[in-house]
Amino acid sequence: MFSQTAEYALRIIVHLAEQNGSPVTTRQIAAATGVPEGYLAKVLQGMARAGLVDSHRGLHGGFILSRDARALTLFDVIQSVTPIQRIDQCPLGIESHDKGNYCALHQRLDEIMAGAQAALRRSTIHEVLRRGCLSCPDPNPAPAASAQGDAVAAS
């Protein structure tokens, strides 16, 4: 549902929020979040334009959050890099729709998108931090299931 860019932006913001205002270099951010360093600049640029991060040059420079994590929502972060679009054309191709007069499918999809946007607006970065570190790589990733193991388990 969300782009890779949106996922990267969320990882970056959570990592910056964990730093409590200490500037972090792009190299440090890339190492901590797994975001490719070359792509990191693009993501940070979008977030800077949206007023979510500030950059400081110099010896002790780097990136910091420009807003309090309690006021920064997941919606703000995602919207800064890949704006969430509501469905503006009928999935069935019906051209006679006007606002509020959708077919059943279009109406339901629009309700789902509105619900997702509302949930993202209610979820703050501070809340995410309270639940645990999301920017940290998983120290215990689930083992990949093999086709042979799946066949044995199914018998």
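Keep in mind that the numbers below use all heavy atoms, side chains included, and drop hydrogens, waters and symmetry copies.
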Item to check | Single hit among V77, I78, T33 for side chain to side chain contact (heavy atoms under 4.5 Å, CB included) with I13 | outcome: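 Result: among V77, I78, T33, V77 is the only option passing the side chain to side chain contact (heavy atoms under 4.5 Å, CB included) with I13.
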
Checklist entry - Can you list the steps and then say if Q19 with I64 is a side-chain contact (heavy atoms from CB on, under 4.5 Å)? => result CA-CA 8 Å; Q19 306 312 305; I64 61 169; over 6 Å; no

Can you sort out the partners of [X] under side-chain contact (heavy atoms from CB on, under 4.5 Å), two or more places apart, ordered by chain and number?
X: S123; answer: L74, E127
X: A50; answer: L52, S80
X: T5; answer: S3, Y39, V43, V81, T82
X: R49; answer: Q45

Next on the checklist: Considering only residues two or more places apart or on different chains, which pairs with a residue in residues 53-94 satisfy ring pair (Phe, Tyr, Trp, His ring centres under 6.0 Å)?
Outcome noted: none

Next on the checklist: Going by the rule salt bridge (charged side-chain N to carboxylate O under 4.0 Å, His left out), which residues pair with E37 if we only count those two or more places apart in sequence or in a different chain?
Outcome noted: none

Item to check | Residue list, salt bridge (charged side-chain N to carboxylate O under 4.0 Å, His left out) with D68, at least two apart or on another chain | outcome: R70

Checklist entry - Q4: what forms a side-chain hydrogen bond (donor to acceptor under 3.5 Å, both in side chains) with it, not counting sequence neighbours? => result none

Checklist entry - For T73, what residues pass the side-chain hydrogen bond (donor to acceptor under 3.5 Å, both in side chains) criterion, not counting sequence neighbours? => result D76

Measuring from atom [atom1] of [X] to atom [atom2] of [Y], what distance do you get when rounded to the nearest 0.5 angstrom?
X: L129; Y: H15; atom1: CG; atom2: NE2; answer: 11.5 Å
X: C103; Y: L109; atom1: SG; atom2: CG; answer: 8.0 Å
X: K42; Y: M47; atom1: NZ; atom2: CE; answer: 12.0 Å

Checklist entry - Can you tell if the side chain of L120 reaches within under 4.5 Å of the side chain of I84, non-hydrogen atoms only? => result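 Counting from C-beta outward, L120 and I84 do come under 4.5 Å.
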
Which atom pairs, donor and acceptor, lie under 3.5 Å between side-chain atoms of residues 23-31 and protein residues at least two apart or in another chain?
{"residue": "T25", "atom": "OG1", "partner": "Q28", "partner atom": "N", "Å": "3.1"}
{"residue": "T25", "atom": "OG1", "partner": "Q28", "partner atom": "OE1", "Å": "3.2"}
{"residue": "Q28", "atom": "OE1", "partner": "T25", "partner atom": "N", "Å": "2.8"}

